[in-house]
Amino acid sequence: MSSVVLFVVSFILGLSWITEGYRDRKNYVTSVEDKMDLLEKDRELIIVLDSYATELNDKIIMLKRIVKKFKQPLEKAKNREEEYLSNPINSLSLLRQMHEDWEPVEKLLRQPVGQEKIALIEKMREDFPVEKDLMEANQAMFRILHTYDLEPKDVSTGLIDGVQYSGKMSASDCFTMGTFSFKAGSYQLASKWLSAAKDLLVDQPRKYHEVMGVTKADVTLLLARSLIASGNVSNAPDILMRDSMFGEAGSALTLHFLRNTPKPSINLESRESDESFNQLCRSSSRRQMGESKPSRLHCRYNTTTTPFLRLAPFRMEELSLDPYVVFYHNVLSDPEIEKLKPMSKPFLERAKVFRVEKGSDEIAPTRSADGAWLPHQDTDPDDLEVLRRIGRRIRDITGLNTRSGSQMQFLKYGFGGHFVPHYDYFNSKTSYLERVGDRMATVLFYLSTIYQLNNVDHGGATAFPKLNLVVPTQKGSALFWHNLDRKSYDYDTRTSHGACPLISGTKLVMTRWIYELDQMFLIPAVLPPRRRNFSKSLLNPF
């Protein structure tokens with residue numbers, strides 16, 4: 001199957017308007033494995049449907065044979081009916097046929113066809129994506145277009161962020177995106193999707209779209225509404241009046257739409273990123289790879305943070321000195337990464353976000369990924385040694401004390417996977433944070449290089465909007481930064497960062513946080529903090 005067909009399958013079938021029953025159903029949006037399972041179900045259903053069509057065709061063939069047989073005497077009798085019926089054989093045949101033959105024909109007509117196939121399809125549909133899955137997948141596509149400033153017409157033909165994929169979207173795909181954009185209040189984008197859907201309707205017969213529930217009239221009506229809502233009033237009447245379904249009623253419909261302004265039913269404001277973040281994500285896209293990037297200060301081998309690095313130094317790029325942000329190359333080997341994948345797979349579940357006001361973790365639309373904490377209580381002893389080795393490497397590259405918070409978070413991003421700009425520190429109290437302090441620093445390991453074409457990453461970069469810094473993924477590398485000022489231990493708001501939406505492939509990362517109280521004697525504060533809240537406590541520990 002072509003790459004863009006898989007891409008569209010990911011979009012249509014594959015973030016959920018989250019419910020408490022999330023774990024009780026398949027994760028078709030963020031899980032590649034579940035989407036592969038869905039793709040296999042699709043193949044099985046097509047086989048069942050084809051078998052059902054064959055049974056129907058066999059019945060049609062039989063009925064046509066009967067019709068042909070029944071027509072033969074009528075053709076002989078044409079224009080000489082009285083002479084034909086004077087023949088005693090013909091009279092007997094007519095009476096016998098009318099008395100005996102039509103009863104089995106009626107039974108054949110009433111005989112159900114492919115009932116076991118229908119029952120099988122009904123059974124398989126119980127585990128299909130639900131409306132919330134499709135809604136979240138629509139949002140993932142919406143996010144990709146918004147973040148990377150893409151045109152629906154280009155995407156519908158397979159041109160995605162400067163890369164031409166094979167295959168294209170269908171009229172139904174575009175209509176679904178147009179409907180979602182309309183409900184989200186993005187009327188101009190909805191108009192573009194619906195225009196693409198209207199152009200694609202000519203590729204299939206009208207009856208096909210009527211059966212599938214998307215007609216030209218449906219598209220025209222919503223397109224006119226979107227145009228009017230976006231301020232393009234002049235074109236709407238012509239579009240309606242040229243459609244035979246509406247004709248002269250187009251003017252009245254236009255007036256009705258003008259008087260009844262639509263109200264968005266989907267709120268995306270809290271789920272989407274600001275423009276500075278989007279601009280950084282675009283700067284790492286394939287269309288803008290030739291444009292200037294934030295300069296990197298210095299590249300050298302780190303031999304100073306621990307004695308071990310004198311023997312085995314790491315290649316380090318200084319991306320920012322204030323705040324401190326560095327990028328290490330070739331920190332993890334391929335065998336180590338391959339060990340991390342299976343050890344995390346059994347424990348993957350929807351990644352959560354910590355809510356300060358509630359003092360607890362919860363699934364949120366601001367983050368779409370699957371995560372697992374390593375080591376897990378059921379982690380194999382051999383795997384524990386790999387994690388200990390990685391832990392020692394973290395101490396080597398950071399030069400910090402890593403006694404507290406030994407667990408690392410493994411994250412797997414799928415289609416449209418993202419994390420809006422956020423801070424890694426909490427600026428709050430819990431029983432755990434009272435013991436270890438807040439998150440002093442972050443180490444982010446990249447465990448995969450995003451799907452490549454011409455050696456260029458496609459989505460999924462890490463962006464720091466306030467630093468004008470974007471870091472593409474690079475397998476085996478590590479990004480290290482301080483969340484707190486090293487002189488005062490103040491929260492550094494410039495460390496706001498996020499994960500750009502993933503366009504294609506799978507992004508694997510692993511994060512380790514380093515806590516401030518472990519560094520008390522290693523990095524003593526020389527200035528009093530000014531932006532710390534030491535009085536605020538949370539009722540619920542995490």
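Residue numbers start at 1 and run along the sequence shown. Here the structure is a predicted model, which is why all the values come from computation and not from measurement.
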Quick one: does K475's side chain get under 4.5 Å of I337's, heavy atoms only?
yes

Spatial distance of atom CG (L280) from atom SG (C500) [nearest 0.5 Å]:
7.0 Å

Heavy atoms, side chains only, cut-off 4.5 Å: are N87 and I89 in contact?
yes

Do you know which two heavy atoms are closest between D218 and G213, and how far apart they sit?
OD2-O, 3.7 Å

Residue pair Q139 / L268, side-chain heavy-atom distance below 4.5 Å
yes

In sequence, state the C-alpha distance, the side-chain angles, and the governing distance for D199 and K153, and then conclude on salt bridge (Lys or Arg N to Asp or Glu O under 4.0 Å).
CA-CA 10 Å; D199 292 340; K153 185 175 182 180; 5.2 Å; no

Is H422 reaching over with its side chain to a backbone N or O of H497, donor-acceptor style, under 3.5 angstrom?
yes

Pair I121, L45 - check side chain to side chain contact (heavy atoms under 4.5 Å, CB included), show working.
CA-CA 7 Å; I121 291 174; L45 282 169; 3.8 Å; yes

Is a donor on one side and an acceptor on the other found under 3.5 Å between the side chain of Y148 and the backbone of P501?
yes

Of the non-hydrogen atoms in R282 and T147, which two are nearest, and what is the gap between them?
NE-O, 2.5 Å

Can you find a heavy atom in the side chain of F182 that is under 4.5 Å from one in the side chain of T179?
no

Thinking salt bridges, do R96 and E100 make one under a 4.0 Å N-O criterion?
yes

May I ask you to say whether R43 pairs ionically with E40, meaning some side-chain N is under 4.0 Å from a carboxylate O?
yes

Report, one line per pair, each donor and acceptor closer than 3.5 Å where one atom sits in a side chain of residues 238-253; sequence neighbours left out.
{"unit_1": "D243", "atom_1": "OD1", "unit_2": "M245", "atom_2": "N", "d": "2.8"}
{"unit_1": "D243", "atom_1": "OD2", "unit_2": "T220", "atom_2": "OG1", "d": "3.0"}

To the nearest 0.5 Å, what is the distance between CD on E83 and CG on L85?
10.5 Å

Pairs involving residues 183-196, ordered by first then second residue, that meet side-chain hydrogen bond (donor to acceptor under 3.5 Å, both in side chains) (sequence neighbours left out)
E151-K192

Heavy-atom closest contact (T473 atom, K507 atom, distance):
CG2-CE, 4.0 Å

R367 versus V420: any side-chain heavy-atom pair under 4.5 Å?
no

Neighbour count above 12 (heavy atom, 6.0 Å) for E82 CD
no

Using a 3.5 Å distance criterion without hydrogens, assess whether the side chain of D50 forms a donor-acceptor pair with backbone atoms of I46.
no

Is the shortest side-chain heavy-atom distance between E116 and E55 below 4.5 Å?
yes

Exceeds 12 heavy-atom contacts within 6.0 angstrom, atom CZ of R259
no

Does a side-chain heavy-atom distance below 4.5 Å link Y413 with V509?
yes

Holding to side chain to side chain contact (heavy atoms under 4.5 Å, CB included), I want the full list of residues that pass it with E103, two or more places apart in sequence or in another chain.
K107

CG (L120) and CG (L49) are apart, to the nearest 0.5 Å, by 11.5 Å

Is it true that a side-chain atom of T379 and a backbone atom of H376 form a donor plus acceptor pair closer than 3.5 Å?
yes

Is the backbone N or O of A372 less than 3.5 Å from a side-chain atom of E349, with the two atoms forming a donor-acceptor pair by type?
no

From CG (D154) to CD1 (I160), nearest 0.5 Å:
10.0 Å

Go through N278 and E275 one step at a time and tell me if the side chain to side chain contact (heavy atoms under 4.5 Å, CB included) criterion holds.
CA-CA 5 Å; N278 294 337; E275 190 58 26; 3.7 Å; yes

Spacing of F415 atom CZ and S504 atom OG [to the nearest 0.5 Å]:
9.5 Å

Note: A461 and P472 closest approach over all heavy atoms is CB-CA, 4.0 Å

Indicate whether the side chain of D173 and that of S170 have a donor and an acceptor atom separated by less than 3.5 Å.
yes

State which residues pass side chain to side chain contact (heavy atoms under 4.5 Å, CB included) with I60; sequence neighbours excluded, sorted by chain then number.
K64

When rounded to the nearest 0.5 angstrom, what is the spacing between CG in L38 and CG in D34?
8.5 Å

So which heavy atom on F410 is nearest to which on L447, and how close?
CE1-CD1, 3.4 Å

Please set out all donor-acceptor pairs under 3.5 angstrom arising from side-chain atoms of residues 223-231, sequence neighbours excluded.
{"unit_1": "S226", "atom_1": "OG", "unit_2": "L222", "atom_2": "O", "d": "2.9"}
{"unit_1": "S230", "atom_1": "OG", "unit_2": "S226", "atom_2": "O", "d": "3.1"}
{"unit_1": "S230", "atom_1": "OG", "unit_2": "L227", "atom_2": "O", "d": "2.9"}

Check: F180 and F142 side chains under 4.5 Å, non-hydrogen atoms
yes

Is there a side chain to side chain contact (heavy atoms under 4.5 Å, CB included) between M408 and M510 once you walk through the steps?
CA-CA 7 Å; M408 293 177 278; M510 187 169 67; 3.7 Å; yes

Exercise: identify the closest heavy-atom pair between A369 and R350:
O-CD, 3.4 Å

Are more than 12 heavy atoms, taken from residues, nucleotides or ligands other than Q72, located less than 6.0 Å from that residue's CD atom?
yes

Please step through side chain to side chain contact (heavy atoms under 4.5 Å, CB included) for the pair L63 and L109, ending with a clear verdict.
CA-CA 9 Å; L63 288 172; L109 292 173; 3.9 Å; yes

Ring pair (Phe, Tyr, Trp, His ring centres under 6.0 Å): pairs with one or both residues in residues 77-128, sequence neighbours excluded
F70-W102

